[in-house]
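Here's the structure we're looking at; comments come further down.
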There are 2 protein chains.
Amino acid sequence: MPQLAMEIGAAARVLKLLGDPTRLTILAILNQRECCVCELLEVFSTSQPAISQHLRKLKDAGLIQEERRGQWVYYSLRPQSEYYSLLQAVLSYVPDQDENIRKIEKANPAVRCGC
Amino acid sequence: MPQLAMEIGAAARVLKLLGDPTRLTILAILNQRECCVCELLEVFSTSQPAISQHLRKLKDAGLIQEERRGQWVYYSLRPQSEYYSLLQAVLSYVPDQDENIRKIEKANPAVRCGC
DNA sequence: TCAGTATATAATTAAATGCTTATATAAGTC
DNA sequence: GACTTATATAAGCATTTAATTATATACTGA
């Protein structure tokens, strides 16, 4: 069902953000599970600053939110976003990220010591 | 309802095409009515080659199709596209283009003589 | 306070993007 | 065939984008 119509320029701006494979994958992952940066790093073969910069763009657009917990910063989707349902609609066309999440959980980078 | 999952890189490529305000508007217009290039030109304050170049990208991606009729080339959405339902989902969040279509019909550039 | 880990920011660069102008192609009219 | 209209293509250019490397900041724990 269509939502409230948004300005077309604003929609294009959001879609442009989604139109990058790294960002789209980040969003698809965050749609299944919040993650910190070092967890997302496990998924991509790119540098940490590159991921941080993508996250910043998504945050600036209000699509995601961050929450610091100790030394980690956890990112999650921001359901209050005006574009949340557009995002959900798009993500429903994207494959689930179980594989990538398995990769994250296997590496388990956010916990260094199991003592 | 989610469709068959598509490759995430392919989805990003399509979304990148949608992430331009001119192209997104073109698609929203074509979703309501087929148009030739000179009709689309009425809507945007940009050059004819710019519009043709956007149309070519959309055609290369299989999102639209062209049909020549005399000196005019009419463009329309391509429902057979693998991405048609993603496109429809996105367009449902975009305002209707009645205003732009009125502009086209008022100018009526594809017919020069009413005799 | 120092060392280590997590993350962000800044500066630089290469590549991609979208526009413009100029020109080519195609069809229609006389 | 010459002229006009519609559209496409090519070349050039300015801007944007996404990456990299280097560095700064924030937190943790000894």
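The chains referred to below are lettered A, B, ... by the order of the sequence lines, with proteins before strands, and numbering in each begins at 1. This structure is a prediction, so every number in the text was calculated from the model and none was measured.
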(request) Provide, to the nearest angstrom, the distance between the CG atom belonging to L40(A) and the C1' atom belonging to dA6(C). (result) 13 Å

(request) Specify the closest pair of heavy atoms between P79(B) and L77(B), including all atoms of both residues, with the distance to one decimal. (result) CD-O, 3.3 Å

(request) Return yes if a side-chain donor-acceptor contact under 3.5 Å exists between Q88(B) and N31(B), otherwise no. (result) yes

(message) Using whole Å, what does the distance between atom C1' of nucleotide dA8(C) and atom CD of E67(A) come to?
(response) 18 Å

(message) The criterion is side-chain hydrogen bond (donor to acceptor under 3.5 Å, both in side chains); which residues satisfy it with Q80(A), sequence neighbours excluded?
(response) none

(request) Report yes if a side-chain nitrogen or oxygen of Y75(B) is closer than 4.0 Å to either non-bridging phosphate oxygen (OP1 or OP2) of dA8(D); otherwise report no. (result) yes

(message) Please report the distance, rounded to the nearest Å, between CG in L55(A) and C1' in dA19(D).
(response) 15 Å

(message) Show every side-chain hydrogen bond (donor to acceptor under 3.5 Å, both in side chains) that has at least one partner inside residues 44-56 of chain A, sequence neighbours left out.
(response) R23(A)-H54(A), Q48(A)-S52(A)

(message) Please report the distance, rounded to the nearest Å, between CG in N108(B) and P in dT5(D).
(response) 16 Å

(request) Please state how far atom OH in Y74(B) lies from atom P in dA26(C), giving the value in whole angstrom units. (result) 20 Å

(message) What is the distance, to the nearest angstrom, from the NZ atom on K59(B) to the C1' atom on dT7(D)?
(response) 11 Å

(request) Summarise how protein sits on nucleotides 13-22 of chain C as a single string, 5' to 3': B when a protein heavy atom is under 4.0 Å from the base, S for sugar-phosphate-only contact, - for no contact. (result) ----SSBBBB

(message) Side chains of Q32(A) and D98(A): any donor to acceptor distance under 3.5 Å?
(response) yes

(message) Rounded to whole Å, please give me the gap between CZ in R68(B) and C1' in dA27(C).
(response) 6 Å

(message) If we count only N and O atoms by modelled type, under 3.5 Å, do the side chains of Y75(B) and E66(B) hold a donor and an acceptor together?
(response) yes

(message) Among dT9(D), dA6(C), dT7(D), which nucleotide has an atom closest to any side-chain atom of R56(B)?
(response) dT9(D)

(message) Do E39(B) and N108(B) pair up side chain to side chain, a donor and an acceptor below 3.5 Å, judged on atom types alone?
(response) no

(request) From the options dT5(D), dA8(D), dT7(C), select the nucleotide whose nearest atom is closest to the side chain of V37(A). (result) dT7(C)

(message) Could you tell me how far apart E39(A) (CD) and dA6(C) (P) are, to the nearest whole angstrom?
(response) 11 Å

